[in-house]
Student: 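One structure follows; several queries about it will come next.
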Amino acid sequence: MKSLITSFRTLPSSKLFDNKPLKKLCEYLITFFCIITLNFFLPRLLPGDPFTFLTGAADEVTVTYTEEQLSRYKAYFGLDKPLSVQYTDYLLNLLHGDIGYSLYYNEDVLVLLGKRSVWTISLVVVSLLISCMVGIILGSISAWNRDNSIDRFLYFSMICFSEIPAFLIGLVLLFAGAAWLCWFPLSGGMSIFVSFATPVHKALDLVHHAMLPVITLVLARLSGFYMISRSSMLTVLAKDYMRTARGKGLSHSRILFVHALRNAAIPVITRVFLSLGTVFSGAVLVENVFNYPGVGQLMRESVMMRDYILIQGIFLFFAVSVLTMNLIADILYKKLDPRVT
């Protein structure tokens with residue numbers, strides 16, 4: 001009997017937990033379930049609701065509803081049901097790919113996210129690529145010149161940048177580059193009420209408006225890539241095969257950027273994907289500083305309007321993005337370094 005109980009306890013669990021891809025999938029599914037549960041309940045803990053907010057303070061009134069209209073709209077959107085029923089409906093709708101209809105914008109949340117996410121994803125991807133490339137180059141140069149004046153200057157500069165929040169960098173750039181020097185527009189994603197002669201002119205206008213938000217995100221993320229590149233490069237440069245490469249008389253640039261960087265790139269690539277979550281959160285603040293029309297600005301508006309459905313959709317967008325990037329980072333890291341289990 002004792003042996004049967006022992007077999008029952010050990011055999012299924014060992015099979016389950018020895019299957020690492022299945023275990024990893026279960027971890028992601030549990031994390032996703034916790035996120036969508038918090039995603040549902042947290043917005044409802046905010047004081048007020050979308051309809052009473054719209055009919056609230058005198059200086060904030062945009063639409064006025066009667067009590068009868070309020071009851072009818074709450075019943076229409078299901079907000080008059082108990083929370084447990086609303087939660088069950090929410091999960092069932094998610095299974096069908098329906099994340100809801102915005103109460104404030106009167107538009108499908110997926111459509112709204114599709115329009116705004118283009119701005120945010122462009123901003124995040126461009127800034128991440130630039131900060132990654134510049135961080136790798138500066139980290140490699142710093143490691144090659146370890147403990148001399150170049151290394152100390154770069155290290156001190158990056159430590160300083162790492163302590164400054166992204167929104168503060170954005171405010172300084174906004175004051176200096178837009179308000180004082182007038183080199184860049186103060187806000188927005190593109191010029192309004194302007195007819196562009198060619199698509200090239202329109203593209204240049206988009207780039208002109210995106211410059212300050214991109215520079216802000218690059219400066220905010222640069223120190224992270226610099227630190228990890230410097231650390232990884234220092235480890236690689238101390239290896240025996242690097243001494244052999246120097247002994248062969250290869251040029252410094254070839255040793256550094258061909259032989260050393262290839263082996264030091266693994267933690268940097270992983271950092272790129274793991275950074276997407278924090279870059280998205282940084283983009284939310286930066287978009288609001290520059291009034292950039294991305295998901296971050298949409299989130300601020302949805303919170304102000306207590307638009308539960310839209311808040312849920314935006315948080316779900318960020319959660320899925322971060323989990324997907326973490327999963328890609330896990331897969332890539334194992335591919336690049338088979339020693340990782």
Side-chain angles (χ1 to χ4, degrees), residues 12-46 77-79 81-103 107-121 123-125 128 221 269-285 287 294-296 298-300 302-303 306-336 340-341:
S13 61
S14 64
K15 282 185 176 178
L16 175 64
F17 290 106
D18 283 347
N19 191 333
K20 290 186 171 55
L22 181 61
K23 184 183 174 185
K24 183 63 72 177
L25 179 64
C26 289
E27 289 175 359
Y28 275 99
L29 288 176
I30 292 171
T31 305
F32 184 67
F33 180 75
C34 293
I35 288 172
I36 59 176
T37 302
L38 290 172
N39 193 23
F40 173 82
F41 285 104
L42 284 180
R44 284 163 174 77
L45 296 177
L46 291 171
F77 287 105
L79 296 178
K81 298 177 183 175
L83 271 182
S84 58
V85 178
Q86 291 185 45
Y87 179 59
T88 306
D89 292 342
Y90 172 62
L91 293 180
L92 291 174
N93 289 334
L94 275 184
L95 290 176
H96 292 90
D98 179 9
I99 60 174
Y101 196 83
S102 170
L103 304 172
E107 194 168 1
D108 195 289
V109 172
L110 268 180
V111 176
L112 273 172
L113 283 175
K115 292 177 183 173
R116 298 296 190 98
S117 61
V118 175
W119 296 92
T120 300
I121 290 174
L123 203 65
V124 166
V125 170
L128 196 60
R221 304 305 312 166
I269 293 172
T270 309
R271 177 64 182 251
V272 170
F273 289 96
L274 294 178
S275 295
L276 275 171
T278 52
V279 174
F280 270 121
S281 60
V284 170
L285 297 174
E287 284 178 5
V295 179
L298 185 66
M299 186 166 75
R300 182 179 63 85
S302 64
V303 171
R306 313 294 195 272
D307 192 338
Y308 299 152
I309 314 298
L310 186 54
I311 295 172
Q312 289 171 184
I314 293 170
F315 284 168
L316 188 66
F317 167 77
F318 283 122
V320 171
S321 303
V322 172
L323 288 177
T324 304
M325 290 304 113
N326 285 349
L327 180 62
I328 293 174
D330 277 344
I331 295 171
L332 273 181
Y333 195 58
K334 287 171 185 171
K335 291 284 183 189
L336 292 170
V340 178
T341 57

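For the single chain, residues carry numbers from 1 onward in sequence order.
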Student: Of all heavy-atom pairs between S117 and G114, which one has the smallest distance, and what is that distance?
Tutor: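 In terms of heavy atoms, the two residues are closest at OG-O, 3.4 Å.
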Student: Which heavy atom of L310 sits nearest to which heavy atom of S302, and what is that distance?
Tutor: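 Closest approach of L310 to S302: CD2-CB, 3.6 Å.
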Student: Is there side-chain contact between F318 and V284, with heavy atoms separated by less than 4.5 Å?
Tutor: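 Counting from C-beta outward, F318 and V284 do come under 4.5 Å.
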Student: Can you tell me how far the CD1 atom of I314 sits from the CG atom of L298, to the nearest 0.5 Å?
Tutor: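 I314 atom CD1 to L298 atom CG measures 4.0 Å (nearest 0.5 Å).
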Student: V109 and S102: which non-hydrogen atoms are nearest, and at how many Å?
Tutor: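 Answer, listing the atom of V109 first, then S102: CG2-N, 3.7 Å.
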Student: What residues, two or more places apart in sequence or in another chain, satisfy side chain to side chain contact (heavy atoms under 4.5 Å, CB included) together with V111?
Tutor: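 So V111 forms a side chain to side chain contact (heavy atoms under 4.5 Å, CB included) with E107, D108, K115.
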Student: Below 4.5 Å, heavy atoms only, C-beta onward: do L323 and I35 meet side chain to side chain?
Tutor: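 Sidechains of I35 and L323: in contact.
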Student: Counting C-beta onward and ignoring hydrogens, is there a side-chain heavy-atom pair between V320 and F32 closer than 4.5 Å?
Tutor: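 Heavy-atom side-chain distance check passes, below 4.5 Å.
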Student: Partners of T88 by side chain to side chain contact (heavy atoms under 4.5 Å, CB included), sequence neighbours excluded?
Tutor: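 Listed in chain order: L92.
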Student: Show me the pairs that pass side chain to side chain donor-acceptor pair (under 3.5 Å) and involve residues 29-42, at least two apart or across chains.
Tutor: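 Of all non-adjacent pairs touching residues 29-42, those that pass side chain to side chain donor-acceptor pair (under 3.5 Å) are T37-Y87, N39-Y90.
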Student: Within the structure provided, determine whether L91 and F40 are in side-chain contact (heavy-atom separation under 4.5 Å).
Tutor: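 No - every pair of side-chain heavy atoms lies 4.5 Å or more apart.
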Student: Quick one: are I309 and I99 in side-chain contact, heavy atoms under 4.5 Å?
Tutor: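 Not in contact.
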Student: Only one of I121, T120, V118, L123 clears side-chain contact (heavy atoms from CB on, under 4.5 Å) with V295; which?
Tutor: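 Option passing the side-chain contact (heavy atoms from CB on, under 4.5 Å) with V295: T120.
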Student: If you measure from CG on L316 to CD1 on I311, what distance do you get to the nearest 0.5 Å?
Tutor: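 It is 13.5 Å, given to the nearest 0.5 Å.
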Student: Under 3.5 Å, side chain of N93 to main-chain N/O of D89, donor-acceptor pair present?
Tutor: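 Pair found, side chain donor or acceptor close to backbone of D89.
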Student: Once rounded to the nearest 0.5 Å, what's the spacing between atom CD of Q312 and atom CG of L42?
Tutor: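 Taking CD in Q312 and CG in L42, the distance rounds to 10.0 Å.
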